[in-house]
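Reviewing the structure listed below.
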Amino acid sequence: TADTSAAVERIRQSEERFQLAAQGSRDALWEWNLLTDELYLSPRWKEMRGYAETEVPNTREVWTNHIHPDDKDRIVERTAAYLAQQIPTFCEEYRSRGKDGSYRWVLDRGQAIWDKQGHPVRMAGSETDITAQKEAESARRGEESLKESIAAVQSAMLAGHQTAEVFGHLLDEILRL
């Protein structure tokens with residue numbers, strides 16, 4: 001019928017709009033069915049880590065096993081707290097391991113839905129690669145620390161401290177960066 005054809009066309013256009021937006025954002029998408037524990041990881045999620053789409057399965061273990069060991073407990077705890085509705089949003093920054101063993105920083109945001117009894121049913125979200133921003137922040141902090149060290153050395157020299165002692169202190173500060 002005409003109504004069915006129009007509905008199918010609206011669904012097709014909606015799907016196309018979603019696909020264009022997802023591809024244009026360059027974000028990775030994921031969806032977790034909490035009733036079956038099935039996880040969908042988009043091709044971009046795998047690409048961000050250096051994998052082909054069929055190289056890793058869509059499992060929760062794949063996601064958790066790629067989280068940096070120093071971040072893993074925090075992310076697992078924050079996810080559980082969000083799903084228990086103890087915190088209002090899920091928005092976390094953490095490092096995720098790539099196929100080559102290197103780590104990328106991601107900003108992971110998600111939204112869940114709960115049933116009438118308050119049990120989480122499904123959660124979906126996106127990840128943005130924020131590695132470049134994190135590296136820029138780190139470089140900026142290093143520059144600020146170096147400027148502070150140079151200022152301290154200048155003050156020490158003006159106060160009459162020995163030149164060798166002052167430069168030794170500056171060298172120690174530089175090596176710490």
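In this chain, residues are counted from 1 in sequence order. All values reported here derive from a predicted model rather than from experimental measurement.
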Original post:
What is the minimum heavy-atom distance between Thr79 and Phe90, and which atoms define it?
Top reply: OG1-CE1, 3.2 Å

**OP:** Could you tell me whether the side chain of Thr131 reaches within less than 4.5 Å of the side chain of Arg95, counting heavy atoms only?
**Re:** no

Subject >> Cluster check Met123, Trp63: I/L/V/M/F/W/Y, side chain < 4.5 angstrom >> reply: yes

Subject >> Considering all heavy atoms, the nearest His66-Tyr103 contact >> reply: O-CE2, 4.1 Å

Subject >> Shortest non-hydrogen contact between Ile75 and Glu93, atoms and distance >> reply: CD1-O, 4.4 Å

Original post:
Under a 4.0 Å N-O cut-off, is there an ion pair linking Arg44 with Glu47?
Top reply: yes

Original post:
Are Asp108 and Arg78 ion-paired here, with the side-chain N under 4.0 Å from a carboxylate O?
Top reply: no

Original post:
Take atom CZ in Arg122; do more than 12 heavy atoms of anything else shown fall under 6.0 Å from it?
Top reply: no

**OP:** Treat each ILVMFWY residue as a node, draw an edge where side-chain heavy atoms are under 4.5 Å apart, and state whether Tyr94 and Leu107 are in one component.
**Re:** no

Original post:
Val106 and Leu39: same hydrophobic cluster, using ILVMFWY side-chain contacts below 4.5 Å?
Top reply: yes

Original post:
For Pro57, which residues count as a side-chain contact (heavy atoms from CB on, under 4.5 Å) partner, sequence neighbours excluded?
Top reply: Thr59, Val62

Original post:
Is Trp30 reachable from Tyr51 through a run of hydrophobic residues whose side-chain heavy atoms are each under 4.5 Å from the next?
Top reply: yes

Original post:
Are Trp32 and Ile87 in one and the same hydrophobic cluster, where Ile, Leu, Val, Met, Phe, Trp and Tyr link if side-chain heavy atoms are under 4.5 Å apart?
Top reply: yes

Subject >> Taking every non-hydrogen atom, the tightest pair across Lys46 and Glu53 >> reply: NZ-O, 2.9 Å

Original post:
Is it true that Arg49 and Glu127 have a side-chain N and a carboxylate O under 4.0 angstrom from each other?
Top reply: yes

**OP:** Specify the closest pair of heavy atoms between Gly50 and Lys99, including all atoms of both residues, with the distance to one decimal.
**Re:** O-CD, 3.4 Å

Subject >> Heavy-atom pair with the smallest gap, counting every atom of Trp45 and Leu29 >> reply: CB-O, 4.3 Å

